[in-house]
Amino acid sequence: MVRALPFSFTLTARAENYLVGRPDLKDTIKRLQAYQEAGAGVLYAPGLAGKDDIAAVVSSVDRPVNVVMGYKAFS
């Protein structure tokens, strides 16, 4: 239905596990893969722990991935 809209858009889906104190890489990847399957054009995983986590996320999906490092989890 949204593809029938009269304007273009990009849906960005966020997996904020690391921002909310749940640093679970497997769950983050599972969520991003589900968003990809649902049609998200860009995936966002803020707060990943380092380059190995980023590499794991990027290699597990086939969409562009945004990441931000250095965030502290919310308490």
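Position 1 is the first residue of the sequence; numbering continues from there.
Arg63 CZ to Glu37 CD: the interatomic distance, rounded to the nearest 0.5 Å, is 7.0 Å. Of the inter-residue distances, the one linking Arg31 atom CZ with Asp24 atom CG reads 8.5 Å to the nearest 0.5 angstrom. Distance check, rounded to the nearest 0.5 Å: CG of Leu25 to CG of Leu48 gives 7.0 Å. Going from atom CG of Asp53 over to atom OG1 of Thr28 covers 8.5 Å, rounded to the nearest 0.5 Å.
The two residues Leu32 and Ala15 make their nearest non-hydrogen contact at CD2-CB, 3.8 Å. For Glu16 against Pro46, the heavy-atom pair with the smallest separation is CG-CG, 4.2 Å. Smallest separation of non-hydrogen atoms from Ala13 and Ala40: CB-CB, 3.8 Å. Heavy atoms only, all atoms of each residue included: Ala56 and Ile29 are closest at O-CD1, 4.0 Å.
Using a 4.5 Å cut-off between side-chain heavy atoms of Ile, Leu, Val, Met, Phe, Trp and Tyr, with links allowed through other members, Tyr18 and Val61 fall into the same hydrophobic cluster. Linking ILVMFWY residues whenever their side-chain heavy atoms come closer than 4.5 Å, directly or via other members, leaves Tyr35 and Val42 in distinct clusters.
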(message) Apply side-chain contact (heavy atoms from CB on, under 4.5 Å) to residues Val57 and Val67 and explain how you reach the verdict.
(response) CA-CA 10 Å; Val57 167; Val67 299; 5.6 Å; no

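With hydrogens and angles ignored, the 3.5 Å screen pairs no side-chain donor or acceptor of Gln36 with any backbone N or O of Leu43.
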